[in-house]
Amino acid sequence: VSQSRYIQLHLKYSKYTATVTRLDLGRTVKATEFTPVRLHYLVMPLRLSMRMDDKQSAGIGVNAAYLLTADSKVSEYTEDRNGIRTLQSYKAKGYTEGFSDFDAQLCFFYQRRITGRFRLNTELVLGLRDVKDGQVLKSQGVERNSGIRFSVQYALFENK
């Protein structure tokens with residue numbers, strides 16, 4: 001059973017700063033700091049499931065994910081002999097520099113039918129790839145898309 005879906009990944013702290021330095025009668029630095037906070041993925045799960053009875057099933061699978069966009073906090077500031085002045089801070093979408101376009105996770109799941117077409121799904125997800133490129137976003141170690149997901153599902157069509 002496969003179905004496309006959308007997920008969000010909340011990130012640990014990381015940032016990228018772009019600077020322009022001007023040497024005049026002193027040094028002036030204009031900087032733009034990007035702090036990504038959330039990644040948005042389109043996910044295609046590939047699953048093998050075993051039906052335990054009419055109400056329960058369990059299985060294993062792989063989630064293949066494609067990065068759609070990222071949410072970031074952006075701060076622009078200048079630094080000169082008078083100190084640091086913040087020009088503006090805002091939220092932005094679309095800055096995906098430094099992130100892998102593709103992600104993959106191994107998943108183990110358990111699904112239980114609640115009533116009729118409603119199901120409760122529990123999924124343990126283990127990331128197989130690093131979501132960050134260490135060259136652009138300075139990060140220590142590997143940051144993988146791992147965790148536990150709980151979801152309620154509704155079956156539009158059922159095979160009986």
Side-chain angles (χ1 to χ4, degrees), residues 1-18 31-77 86-160:
V1 175
S2 283
Q3 60 198 35
S4 295
R5 65 178 170 198
Y6 162 83
I7 63 168
Q8 293 180 20
L9 173 63
H10 297 271
L11 296 169
K12 295 179 183 174
Y13 181 77
S14 60
K15 66 181 175 181
Y16 172 74
T17 305
T32 303
E33 184 177 274
F34 296 90
T35 306
V37 292
R38 191 176 307 119
L39 300 178
H40 301 268
Y41 286 96
L42 180 62
V43 179
M44 177 60 129
L46 304 171
R47 308 268 172 98
L48 292 173
S49 66
M50 181 179 80
R51 182 179 268 180
M52 297 151 80
D53 59 32
D54 285 347
K55 292 193 174 208
Q56 302 179 86
S57 63
I60 188 169
V62 174
N63 293 332
Y66 178 73
L67 180 62
L68 297 173
T69 190
D71 294 339
S72 300
K73 292 179 185 175
V74 180
S75 295
E76 295 179 4
Y77 60 90
T86 300
L87 300 176
Q88 61 180 335
S89 293
Y90 53 93
K91 293 180 181 178
K93 285 188 180 292
Y95 183 79
T96 59
E97 185 82 23
F99 294 101
S100 300
D101 288 337
F102 296 97
D103 189 22
Q105 306 114 21
L106 181 63
C107 74
F108 303 93
F109 65 92
Y110 170 78
Q111 188 176 82
R112 178 159 180 92
R113 182 187 308 253
I114 301 169
T115 59
R117 295 177 180 238
F118 283 99
R119 292 169 176 82
L120 180 62
N121 190 59
T122 303
E123 190 174 347
L124 174 63
V125 180
L126 304 170
L128 300 175
R129 300 188 51 164
D130 189 359
V131 296
K132 290 183 183 175
D133 175 4
Q135 304 231 353
V136 176
L137 296 168
K138 305 299 181 211
S139 63
Q140 297 172 347
V142 176
E143 192 167 340
R144 294 186 174 133
N145 188 357
S146 299
I148 296 177
R149 288 192 196 111
F150 299 100
S151 60
V152 176
Q153 299 175 345
Y154 180 79
L156 290 175
F157 306 103
E158 282 191 291
N159 296 337
K160 291 198 176 199

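Excluded from the calculations below are hydrogen atoms, water molecules and symmetry mates; all remaining heavy atoms, backbone and side chain alike, are included.
- Minimum heavy-atom separation, Val131 to Tyr41: CG1-OH, 3.6 Å.
- A distance of 10.0 Å separates CD of Gln56 from CE of Met50, quoted to the nearest 0.5 Å.
- Between Cys107 and Val62, the closest heavy-atom pair is SG-N, 4.4 Å.
- Atom CG of residue Leu42 and atom CG of residue Leu68 lie 5.5 Å apart, to the nearest 0.5 angstrom.
- When side chains are defined from C-beta on, Glu76 counts as touching Tyr90, because their heavy atoms get closer than 4.5 Å.
- Here CG of Leu106 is found 6.0 Å from CG of Leu128. Values are rounded to the nearest 0.5 Å.
- Not one N or O on the side chain of Arg129 forms a donor-acceptor pair closer than 3.5 Å with the backbone of Gly127.
- Distance check, rounded to the nearest 0.5 Å: OG of Ser49 to CD1 of Ile60 gives 12.0 Å.
- Each of Leu124, Val125, Leu126 was checked for a side chain to side chain contact (heavy atoms under 4.5 Å, CB included) with Gln105, and the lone residue meeting it is Val125.
- The distance from atom NZ of Lys55 to atom CZ of Arg112, rounded to the nearest 0.5 Å, is 6.0 Å.
- Here the side chain of Arg117 pairs a donor or acceptor atom with the backbone of Ala155 at under 3.5 angstrom.
- From Gln111, atom CD reaches atom CD of Glu123 across 10.0 Å, with rounding to the nearest 0.5 Å.
- The shortest distance between side-chain heavy atoms of Arg47 and Asn63 falls below 4.5 Å.
- Remark: the backbone N or O of Asp130 is paired with a side-chain donor or acceptor of Ser100 at under 3.5 angstrom.
- When the shell of 6.0 Å around CG of Asp101 is examined, it contains more than 12 heavy atoms from other residues, nucleotides or ligands.
- The shortest side-chain heavy-atom distance between Arg113 and Asp54 does not fall under the 4.5 Å cut-off.
- Counting only heavy atoms from C-beta outward, the side chains of Leu67 and Asp103 never approach each other to under 4.5 Å.
- Closest non-hydrogen pair, Ser75 versus Ser89, comes out as OG-OG, 3.4 Å.
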